[in-house]
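The block underneath contains the structure these notes are about, expressed in structure tokens.
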Amino acid sequence: MVQKIGNSFYKHDAETLARDLIGAILVHRRRGRIYRARIVETEAYIGPHDLASHSSKGRTKRTEVMFGPAGFAYVYLIYGMYEMFNIVAGKKGSGQAVLIRAAEPLGGWDADLSGPGKLTRALGITRSMNGLDLTGNRLYLVPDPQYQPRIWRAKRIGIEYAGKWKHRKLRFFDDGSAAVTHRPSG
DNA sequence: GCGTCGATGGCA
DNA sequence: GCCATCGACGCG
């Protein structure tokens, strides 16, 4: 039985966490079944000064979890129909999170997890899990040191409004994965 | 293969 | 009035 990723890991800043989560395994225990998937694409939202980050709007009902302690799920609805799964990062109050954008199913289970909306839908992650402790037994991560991803970085997706922040390479992905979205052509 | 567009609801 | 998305549709 592999050790679950613990709280100290999540306390790293969002940029570090986003990179370090590439290749890790997401586990969801749901209705007596267990779903595992290898994370292959993430994005870092690095604090209130980052105009692409929801925390730049300040503390609101929605962003409250982002300003809480690291290692909790931040799940929100976008475009009226897609749930986005994030992991709160950094020191408590720093307003950082990592968006999980794509993964590959593991363990004989087949699904298309190529995109943040598709991933949450297939894994059954919903807003009811907003604020869930990821060191618990329902939704958690485990490291896979045997797996060696080829990590690249690129601009984040869908944040054209964010001024200079839209250029920052805060998206990380495993170049060896076919599930990666918006692969840069250069 | 690529660009465009509509769905759909919570949020400030 | 947006929006950390997705899939359908029309090209030629």
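Quick note on labels: first sequence line is chain A, next is B, and so on, each numbered from 1. Since the structure is predicted, the reported quantities are computational estimates derived from the model, not experimental observations.
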- Determine, step by step, whether A:Arg156 and A:Asp50 satisfy the salt bridge (charged side-chain N to carboxylate O under 4.0 Å, His left out) criterion, reporting the C-alpha distance in whole Å, the side-chain angles of both residues, the deciding distance to 0.1 Å, and the verdict. CA-CA 12 Å; A:Arg156 294 172 292 181; A:Asp50 172 7; 2.7 Å; yes

- Item | A:Asn130 CG to B:dC11 C1', straight-line distance once rounded to whole Å | 14 Å

- Message: Can you measure A:Glu83 atom CD to B:dG10 atom P for me and round it to whole angstrom units?
- Response: 10 Å

- CZ (A:Arg183) with more than 12 external heavy atoms under 6.0 Å: yes

- Task: Kindly determine whether A:Ser56 and A:Ser53 satisfy side chain to side chain donor-acceptor pair (under 3.5 Å), including the steps that lead there.
- Result: CA-CA 6 Å; A:Ser56 68; A:Ser53 174; 5.7 Å; no

- Quick one: do A:Glu15 and A:Leu170 satisfy side chain to side chain contact (heavy atoms under 4.5 Å, CB included)? Show the steps, please. CA-CA 7 Å; A:Glu15 185 168 351; A:Leu170 291 171; 3.6 Å; yes

N/O to N/O distances under 3.5 Å, protein versus nucleotides 2-5 of chain C:
| unit_1 | atom_1 | unit_2 | atom_2 | d |
| --- | --- | --- | --- | --- |
| C:dA4 | OP1 | A:His54 | NE2 | 3.1 |
| C:dA4 | OP2 | A:Tyr161 | OH | 2.6 |
| C:dA4 | N9 | A:Tyr76 | OH | 3.1 |
| C:dA4 | N7 | A:Ala52 | O | 3.4 |
| C:dA4 | N7 | A:His54 | NE2 | 3.1 |
| C:dA4 | N1 | A:Asn86 | OD1 | 2.4 |
| C:dA4 | N3 | A:Tyr76 | OH | 3.1 |
| C:dT5 | OP1 | A:Arg101 | NH1 | 3.2 |

- So, with a heavy-atom separation below 4.0 Å from DNA chain C, the residues of residues 166-178 of chain A are none

- Query: Do the ring planes of A:His28 and A:Tyr35 sit parallel (below 30°), tilted (30 to 60°) or perpendicular (above 60°)?
  - Reply: tilted

- Message: Is the ring pair A:Trp152/A:Phe173 parallel, tilted or perpendicular, if the boundaries are 30 and 60 degrees?
- Response: tilted

- Query: So what's the dot-bracket for DNA chain B: Watson-Crick or G-U pairs under 3.5 Å, [ ] if a pair crosses, | if it pairs off-strand?
  - Reply: |||||||.|||.

- Task: Could you give me the CA-CA distance, side-chain angles and deciding distance for A:Ile5 and A:Tyr10, then say whether side chain to side chain contact (heavy atoms under 4.5 Å, CB included) is met?
- Result: CA-CA 8 Å; A:Ile5 288 178; A:Tyr10 296 117; 3.6 Å; yes

- Message: Evaluate A:Thr181 against A:Arg171 for side chain to side chain contact (heavy atoms under 4.5 Å, CB included), listing each step before the verdict.
- Response: CA-CA 11 Å; A:Thr181 70; A:Arg171 180 162 64 108; 4.2 Å; yes

- Query: Quick one: do A:Arg38 and A:Glu104 make a salt bridge, cutoff under 4.0 Å?
  - Reply: no

- Task: Going by the side chain to side chain contact (heavy atoms under 4.5 Å, CB included) test, name the single residue among A:Met84, A:Glu83, A:Met66 that passes it with A:Tyr76.
- Result: A:Met84

